[in-house]
Peer 1: 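Below you'll find the structure I mean.
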There are 4 protein chains.
Amino acid sequence: MTDRSSWYCGAVSSPNRPLRVDAARNREHLLAAAEAEFAERGLSVSVADIALRAGIAKGTVFRHFASKEDLIASIVSGHLTALTGCAERLADAADPGDALWEFLSFAADQRHRHNIDFLWAVSEGDARVTELRDRLFSGIERLVVRAHQVEAIRSDVTASDVYLLMCAPVHAVENLPNPSPDLWKRYLGIIFDGLRPEGANPLSEPAPTVF
Amino acid sequence: MTDRSSWYCGAVSSPNRPLRVDAARNREHLLAAAEAEFAERGLSVSVADIALRAGIAKGTVFRHFASKEDLIASIVSGHLTALTGCAERLADAADPGDALWEFLSFAADQRHRHNIDFLWAVSEGDARVTELRDRLFSGIERLVVRAHQVEAIRSDVTASDVYLLMCAPVHAVENLPNPSPDLWKRYLGIIFDGLRPEGANPLSEPAPTVF
Amino acid sequence: MTDRSSWYCGAVSSPNRPLRVDAARNREHLLAAAEAEFAERGLSVSVADIALRAGIAKGTVFRHFASKEDLIASIVSGHLTALTGCAERLADAADPGDALWEFLSFAADQRHRHNIDFLWAVSEGDARVTELRDRLFSGIERLVVRAHQVEAIRSDVTASDVYLLMCAPVHAVENLPNPSPDLWKRYLGIIFDGLRPEGANPLSEPAPTVF
Amino acid sequence: MTDRSSWYCGAVSSPNRPLRVDAARNREHLLAAAEAEFAERGLSVSVADIALRAGIAKGTVFRHFASKEDLIASIVSGHLTALTGCAERLADAADPGDALWEFLSFAADQRHRHNIDFLWAVSEGDARVTELRDRLFSGIERLVVRAHQVEAIRSDVTASDVYLLMCAPVHAVENLPNPSPDLWKRYLGIIFDGLRPEGANPLSEPAPTVF
DNA sequence: TATGAATGAGCGTTCATTCAT
DNA sequence: CATGAATGAACGCTCATTCAT
């Protein structure tokens, strides 16, 4: 899996005009500080605390992001971009079953290491996030189509199902106060077993249409 | 499955002394309004909005509950009580596999209909909630032990796993803006298939200790 | 000095109509509880806490006293009544100098034991308090006149001065966190020495008119 | 006696960093408005009223002072600083008796013009106030030692006595609704006569230890 | 008459956001 | 541009007072 340490770079979370190098650096500090604060203390951290951690003035935050919501959407966009990139890179992997597994591992690991599930809900109305989400879903669709071709997953499971179950391992783990770092793999294992053809029982409900 | 429409009644979320009928009615309105507001708009709804919805004055909320946190803990306690009761009622069911399935169905249905997962975290310090959570876990342990006896679930799965995965079907469904009411059954089906012995692959991580 | 333990009885703090015995008892409990709460925790104690301590319901407080201010004025009236009674009893004492000393001792002791100086300010507008204050002042005037006759106090000192300095020993002591119970006597001694003819220096300001 | 009209300037009640001129002006307005409101209406004035009087928004109060208590402590600190400075300036005055008289005059005048005795109690836990109080007491000790050397005050009177009696003239005057501006001098005269050796009677209680 | 549930204005405090410096 | 002072609406919560029971 490629280096994810600088996933903020790229077209999504950048403003329209190119920034001066110091402004760009401030922006990076700010995003990193915001994510860390959110992860440690939840949605209710104040913009002042984020600015303090980033080493910039409170007012400057609003020079980079129109609002706190916009800042959150930028963080989410960064993660979404990385996740979409992962799905797209795996689109032509040799083994479609392994590719799907690897994608779900990437997704869970990312969600688990950057504890930002709660940010997701806030940014649901954001246009960038919506667009990225659609791109992500397309990527998942390709992974699922190929996985079906080799019967790596049961035939009644769709891309929507994978999309919806993507975060389930992390959610399970987050019910624990101090989960061991890789515990999510246990629940991904269980859920992935549920997605496999072997031992599959019929599902009473039809698959939903996600978007 | 018994009627769950009036699970607030009972010892847990009731005050020590019997209330006057009008006070009791207000209390019920309040709990229902709070739950509805939380479900629709999240943890950040104000006590004022809850009171408005309940048709009572803001100050009255604090006559019934010492704080917003206490109100939340009371809501959570109510649900936990019902869930624990369900687990305990199923402890001696004829078919342990069906019992576990039924318990997880009850849990998912309850969680889905009362969209208050995020309240859980807030009440973690509450004594009532802690005690009920332990009782719930004991109930799950008995269900899991019996399920193991008849090999209804794979041998490497523990009560902790069931506890942690309990809400996964609901979480999956909640990523959708307007999920159909029973969609959670689809994801419970998939996850339950992952818990069954058939087609189980070894898990890379050991089971955690929940408490 | 006479028994001061039941100074609440009497015309001043009684309502117009005679009370039933239980109501009268409640009223006494209430006044005692209020005074104790005020003394221990200041003006900001709530009516609820007072009622709790008195063992009656909150609403009943308002059956006895029109408002919290009225309750305070009743407490102050009780003390004022006792103090006025003391002054009047001492009006014809054998030694006018001793009488004045004894009056000031009574005043200081009362103020110190019932820590209610701050209640005074609240009840300044109360009619009963105003009337009692006038009666008290008359009593002081008689004590001072007689003290002048025997030259127990310096000639340029008036009843107004005595009235205004009455609480000074207690105020001095109250700057200490844990004053010994009789420390006020030390400061009454010093101030009384200042009131004596011996070693008196001229005063730069004329005596005020109190009322 | 030096000009006391701008005693707020200086290290004590100033923040660590220099303020922008507009912020400094607001801070001064705020302190003045707070003191005036407290003096006129007591401890229970709301922060909103103080802000209104200062012509700033309520939230701005909390930019300058962490809490209402901190604001009060800052006011008290300002007065204490001025008072301590006065005591220290008088430490080497030519006539120790005059020096003590002048100190007590300064104290009474300050207390009388800024009617904030009741703020004192609130700030008792404040570190700045505690330290200043100790410095003030040391200053008083020096004044008293020197006064004893020239027998300007009676031998059985201590620095603690002077400290405790410091505000007595003002307290006396404050029992009057509209005292003339210099009336406190009358009561300082009486009390100071009580502190002199001439005509002193033995005191029944030993001097307390203030700190 | 006594109760205590209900009220609602008011409290101290926080914080996203704006804008003069 | 960056700053941080100012804003003001909103928050959770308290409490004297009222009034239905």
Side-chain angles (χ1 to χ4, degrees), chain A residues 19-20 22-23 26 44-52 55-71, chain B residues 15 17 19-27 30 44-52 54-71, chain C residues 19-20 22-23 26 44-52 55-71, chain D residues 15 17 19-27 30 44-52 54-71:
Chain A
L19 291 167
R20 274 177 20 199
D22 58 337
N26 272 351
S44 63
V45 292
S46 69
V47 172
D49 283 348
I50 292 170
L52 195 69
I56 65 177
K58 188 166 50 161
T60 308
V61 175
F62 293 93
R63 194 157 285 286
H64 288 289
F65 302 98
S67 66
K68 193 183 179 182
E69 282 204 2
D70 183 42
L71 167 58
Chain B
R17 296 175 301 94
L19 291 169
R20 262 163 45 181
V21 286
D22 55 342
R25 192 178 55 241
N26 273 346
R27 190 186 157 90
L30 183 44
S44 64
V45 292
S46 70
V47 172
D49 283 349
I50 291 170
L52 196 68
I56 63 177
K58 188 168 50 161
T60 306
V61 176
F62 295 96
R63 160 161 302 280
H64 289 285
F65 301 98
S67 64
K68 191 184 179 182
E69 283 203 3
D70 183 43
L71 168 58
Chain C
L19 291 167
R20 274 176 22 201
D22 57 340
N26 272 351
S44 63
V45 293
S46 69
V47 172
D49 283 348
I50 292 170
L52 195 68
I56 65 177
K58 187 165 49 161
T60 308
V61 176
F62 294 92
R63 193 158 287 285
H64 288 288
F65 301 98
S67 65
K68 194 183 178 183
E69 282 204 5
D70 184 42
L71 168 59
Chain D
R17 297 175 300 93
L19 290 170
R20 262 166 40 183
V21 286
D22 56 341
R25 195 179 52 242
N26 272 346
R27 190 185 157 89
L30 183 44
S44 64
V45 291
S46 69
V47 172
D49 283 349
I50 292 170
L52 196 67
I56 62 177
K58 188 168 50 160
T60 306
V61 176
F62 295 95
R63 160 162 302 282
H64 290 285
F65 302 98
S67 64
K68 191 184 182 184
E69 283 204 2
D70 183 42
L71 167 59

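Every chain is numbered from 1, with letters handed out A, B, ... down the list of sequences. Atom set for the values below is all heavy atoms of this structure, side chains included, hydrogens, waters and symmetry mates excluded.
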Peer 1: OP1 or OP2 of dG8(F) sitting under 4.0 Å from any side-chain N/O of Lys58(D)?
Peer 2: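 So the side-chain polar atoms of Lys58(D) never come under 4.0 Å of the phosphate oxygens OP1 or OP2 of dG8(F).
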Peer 1: Check every atom of dG12(F), dT3(E), dG12(E) against the side chain of Val47(D) and return the nucleotide holding the closest atom.
Peer 2: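 Output: dG12(E).
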Peer 1: Less than 4.0 angstrom between a side-chain N/O of Ser46(B) and OP1 or OP2 of dA10(F), yes or no?
Peer 2: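 Checking dA10(F) against Ser46(B), no side-chain N or O comes under 4.0 Å of OP1 or OP2.
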Peer 1: Where is the tightest heavy-atom contact between Ala48(B) and Lys58(B), given as atom of each residue plus distance?
Peer 2: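 Smallest heavy-atom distance, with atoms named: CB-CD, 3.9 Å.
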Peer 1: Which pair of non-hydrogen atoms, one from Phe65(D) and one from Leu30(D), has the smallest distance, and what is that distance?
Peer 2: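 Residues Phe65(D) and Leu30(D), closest heavy atoms: CE1-CD2, 3.8 Å.
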Peer 1: Take atom CG of Asp70(A) and atom C1' of dT17(E), then tell me their distance rounded to the nearest Å.
Peer 2: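 In whole Å, dT17(E) C1' and Asp70(A) CG are 13 Å from each other.
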Peer 1: Which residue, Glu69(D) or Ile56(B), contacts DNA chain E at a nucleotide closer to its 5' end, judged by nearest heavy atom?
Peer 2: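 Here Ile56(B) is the residue nearer the 5' end.
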Peer 1: Taking all non-hydrogen atoms of both residues into account, name the closest pair between Val45(C) and Lys68(C) and its distance.
Peer 2: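 Heavy atoms of Val45(C) and Lys68(C) come nearest at O-NZ, 2.8 Å.
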Peer 1: Let's test this: given Watson-Crick or G-U wobble pairing with both distances under 3.5 Å, identify the partner of dA20(F).
Peer 2: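 dA20(F) is paired with dT3(E).
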Peer 1: Indicate whether OP1 or OP2 belonging to dA5(F) is found under 4.0 Å from a side-chain N or O atom of Arg63(D).
Peer 2: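 Checking Arg63(D) against dA5(F): at least one side-chain N or O falls below 4.0 Å of OP1 or OP2.
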Peer 1: Take the protein atom CG of Asn26(B) and the nucleotide atom C1' of dA20(F), then report the distance between them rounded to whole Å.
Peer 2: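 Value for this atom pair: 13 Å.
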Peer 1: Given atom NZ of Lys68(D) and atom C1' of dC11(E), what is their separation to the nearest angstrom?
Peer 2: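 Taking atom C1' of dC11(E) as the reference, NZ of Lys68(D) is at 8 Å.
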Peer 1: Can you tell me how far P of dC11(F) sits from CG of Asp49(B), to the nearest Å?
Peer 2: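 That distance rounds to 6 Å.
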Peer 1: Return the value, rounded to whole Å, for the distance between atom CG of Leu30(D) and atom P of dA5(F).
Peer 2: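 Going from Leu30(D) (CG) to dA5(F) (P), I get 14 Å.
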Peer 1: Side-chain N or O of His64(C) less than 4.0 angstrom from OP1 or OP2 on dA2(E)?
Peer 2: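 Negative; the distance criterion is not met.
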Peer 1: Nearest whole Å is fine: how far is dT13(E) C1' from Ile50(D) CD1?
Peer 2: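 Going from CD1 in Ile50(D) over to C1' in dT13(E) covers 14 Å.
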Peer 1: Taking CZ from Phe62(D) and C1' from dG8(F), how many angstroms apart are they, rounded to a whole number?
Peer 2: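 Distance check: Phe62(D) CZ to dG8(F) C1' gives 13 Å.
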Peer 1: Is Val47(D) close to Leu71(D) at the side-chain level, that is, under 4.5 Å between some pair of heavy atoms?
Peer 2: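 Answer no - side chains too far apart.
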Peer 1: Check whether any side-chain nitrogen or oxygen of Thr60(D) sits under 4.0 Å from OP1 or OP2 of dA5(F), and answer yes or no.
Peer 2: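 False: Thr60(D) side-chain N/O out of range (4.0 Å or more) of dA5(F) OP1/OP2.
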Peer 1: Considering non-hydrogen atoms only, spot the tightest contact between Ala51(A) and Val61(A) and give its length.
Peer 2: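 Result for this residue pair: CB-CG2, 3.8 Å.
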Peer 1: Between Ala66(B) and Gly55(D), name the one whose nearest nucleotide on DNA chain F is closer to the 5' end.
Peer 2: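 Here Gly55(D) is the residue nearer the 5' end.
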Peer 1: In whole Å, I'd like the distance from the CG atom of Leu52(C) to the P atom of dT3(E).
Peer 2: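 Answer to the nearest Å: 12 Å.
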